[in-house]
Amino acid sequence: MRAVGYKSCKPVTEADALVDFELPAPEAKGLDLLVDVKAVSVNPVDTKVRRNQAPEAGQTRVLGFDAAGIVKAVGEKVSLFKPGDEVFYAGAINRPGTNSEFHLVDERIVGRKPKSLSFEEAAALPLTAITAYEALFDRLKVKDPVAGGANAIVIIGGAGGVGSIAIQLARHLTDLTVIATASRPETKEWVEQFGAHHVLDHSKPLAPQVEALGLGAPSFVFSTTHSDLHRADSIELIAPQGRYCLIDDPEGGFDILPFKRKAISVHWEMMFARPVFETADILEQHKLLNHVSELIDQGKIRTTLTETFGTINAANLIKAHALIESGKAKGKIVLSGF
């Protein structure tokens, strides 16, 4: 089968940062589904892994996490799906990726593809939807009020893939006032389209902008990018005993000691934790993806697909990686077919 991967960690400017190659098709066993991959999307984690995690000597590592496709075969322990089912999922970071014609994935982290979406539109969603959903409801526990805090959440980086979904989930599944950040005219418009009540400019200090809204100190902050740059602002604007969640990897670490004075709880969302460690609640990812699928088919949530970069090959994936690394991507980039 055709696949795309990398042999060594190289900058995206190198022509062989990613390469096309052939692999034998895998076989479904146990709880695995063998999925005929129809479309994939590219996430910041793809670029981070390519830059920082060298494959074993002589090996080519297949990247890719988000996928939408059709179940071709199932392992002997599978009970949730059957051949012919249309699915979408985000895979696991400790297994071969989705940038291949066929892919193995544990059924417990797979959801039913929304019927109202194409494979391309569906592939844009899983990783960001899982991350946003887990951050809001498992880490921040936004349905559990913070005493004295405003019933509001600040989503830093609202126009990104995760932020775009978090805004929609917060609007449709909670009664929170959603305050999102964006800095360019096109990203501000994007964030407003997805339902943010207020949009702040994250190129300027955030705390004064939040104060000017007159809502009081928000109970929650969800930081999706540049958390180190916005840390002091986040501490200043959040309510005492509030909850703060980040998903990025600030260079040089992330000092949480300044959060202590306000007794702010700090959470790191890592959507791969459940599949990598096969946690007791791993099935929650299957459930939440099905919930997201239902919300989409009900017209309550929209796909965050913004650009399609053609077929799944090394040249097109390099272009997608380059755009993500530029920091100018809006929403999600998808590729489809081989």
Side-chain angles (χ1 to χ4, degrees), residues 3 5 23-37 40-41 43-46 48-50 52-56 59 61-83 85-100 102-113 122-123 125-141 161-162 165 169 245-249 266-294:
L23 277 177
E27 181 183 350
K29 296 179 180 180
L31 291 167
D32 278 348
L33 310 176
L34 178 64
V35 178
D36 181 355
V37 176
V40 300
S41 72
N43 294 280
V45 65
D46 296 65
K48 293 174 185 176
V49 172
R50 191 204 79 246
N52 301 305
Q53 296 183 16
E56 293 183 19
Q59 299 297 308
R61 178 172 179 176
V62 179
L63 276 175
F65 301 101
D66 277 330
I70 300 172
V71 177
K72 182 177 177 65
V74 301
E76 69 277 6
K77 295 182 180 179
V78 166
S79 61
L80 302 174
F81 298 96
K82 64 184 184 305
D85 286 345
E86 296 184 349
V87 296
F88 73 147
Y89 59 91
I93 201 166
N94 60 336
R95 301 188 69 178
T98 57
N99 294 336
S100 59
F102 299 98
H103 183 249
L104 290 178
V105 61
D106 188 317
E107 68 164 349
R108 296 172 295 178
I109 60 170
V110 176
R112 296 185 298 272
K113 183 184 80 67
L125 290 164
L127 187 146
T128 53
I130 294 169
T131 300
Y133 200 108
E134 290 186 348
L136 292 174
F137 302 109
D138 296 335
R139 314 295 168 235
L140 291 172
K141 298 189 182 299
V162 173
I165 291 293
L169 291 174
C245 181
L246 70 160
I247 61 172
D248 57 330
D249 307 301
V266 179
H267 306 262
W268 228 304
E269 162 56 21
M270 177 60 166
M271 56 77 55
F272 292 123
R274 279 171 164 152
V276 167
F277 295 99
E278 295 193 37
T279 59
D281 63 351
I282 186 175
L283 193 63
E284 291 303 311
Q285 290 199 349
H286 165 71
K287 294 177 181 177
L288 76 83
L289 281 175
N290 281 347
H291 189 193
V292 169
S293 184
E294 291 170 3

(request) Sorted by first residue and then second, give each salt bridge (charged side-chain N to carboxylate O under 4.0 Å, His left out) pair with at least one member in residues 272-282; sequence neighbours left out. (result) R108-E278, E134-R274, D138-R274, R274-D281

(request) Can you see which heavy atom on P275 is nearest to which on I282, and at what distance? (result) CA-CD1, 3.8 Å

(request) Write down the atom of A123, the atom of S41, and the distance for their closest heavy-atom approach. (result) O-OG, 2.9 Å

(message) Would you say that more than 12 heavy atoms from the other residues, nucleotides or ligands in this model lie under 6.0 Å from the NZ of K48, or not?
(response) yes

(request) Could you pull out the closest heavy-atom pair between R112 and S293, with the gap in Å? (result) O-OG, 2.9 Å

(request) Please identify each residue that fulfils side-chain contact (heavy atoms from CB on, under 4.5 Å) with V276, with sequence neighbours left out. (result) I93, N94, F272

(message) Using modelled atom types and a 3.5 Å cut-off, is there a donor and acceptor pairing between side-chain atoms of D106 and backbone atoms of D32?
(response) no

(request) May I ask you to test the H286-L80 pair for a side-chain heavy-atom distance under 4.5 Å? (result) yes

(message) I want to check something: taking the side chain as every heavy atom from C-beta on, are V105 and H103 in contact at a cut-off of under 4.5 Å?
(response) yes

(message) Contact between L289 and V110 at the side-chain level, heavy atoms closer than 4.5 Å - yes or no?
(response) no

(request) Kindly compute the distance separating CH2 (W268) from CD1 (I247), expressed to the nearest 0.5 Å. (result) 11.5 Å

For a quick test of your reading: what N or O donor-acceptor pairs under 3.5 Å do the side chains of residues 126-133 make, sequence neighbours left out?
from	atom 1	to	atom 2	distance (Å)
T128	OG1	L125	O	3.1
T131	OG1	L127	O	2.8
Y133	OH	H291	ND1	2.9

(request) Give the minimum heavy-atom separation between D66 and A90, together with the two atoms involved. (result) OD1-CB, 3.8 Å

(request) Kindly give the heavy-atom pair with the smallest separation between C245 and R139, and that separation in Å. (result) SG-CB, 4.2 Å

(message) Within the 4.5 Å heavy-atom criterion, are T98 and V35 side-chain neighbours or not?
(response) no

(request) Taking the side chain as every heavy atom from C-beta outward, state whether V37 and V40 have any pair of such atoms under 4.5 Å apart. (result) yes

(message) Among residues at least two apart in sequence or on other chains, which ones pass side-chain contact (heavy atoms from CB on, under 4.5 Å) with V78?
(response) L33, V74, E107

(request) Answer yes or no: is there a donor N or O on one side and an acceptor on the other, between the side chain of N290 and the main chain of K287, under 3.5 Å? (result) no

(message) The criterion is side-chain contact (heavy atoms from CB on, under 4.5 Å); which residues satisfy it with P26, sequence neighbours excluded?
(response) M1, L34, F102, L104

(message) For P55 versus Q59, what's the shortest heavy-atom pair and its separation?
(response) CB-O, 3.7 Å

(request) Check whether any side-chain N or O of E269 sits under 3.5 Å from a backbone N or O of L136 as a donor-acceptor pair, and report yes or no. (result) no

(message) Nearest 0.5 angstrom please: E86 CD to K113 NZ, how far?
(response) 4.5 Å

(message) When you compare the side chain of K72 with that of P83, does any pair of heavy atoms fall below 4.5 Å?
(response) no

(message) Please check if the number of heavy atoms outside E56 that lie under 6.0 Å from its CD is greater than 12.
(response) no

(message) Using the ring pair (Phe, Tyr, Trp, His ring centres under 6.0 Å) criterion, which residues pair with F88? Sequence neighbours excluded.
(response) none

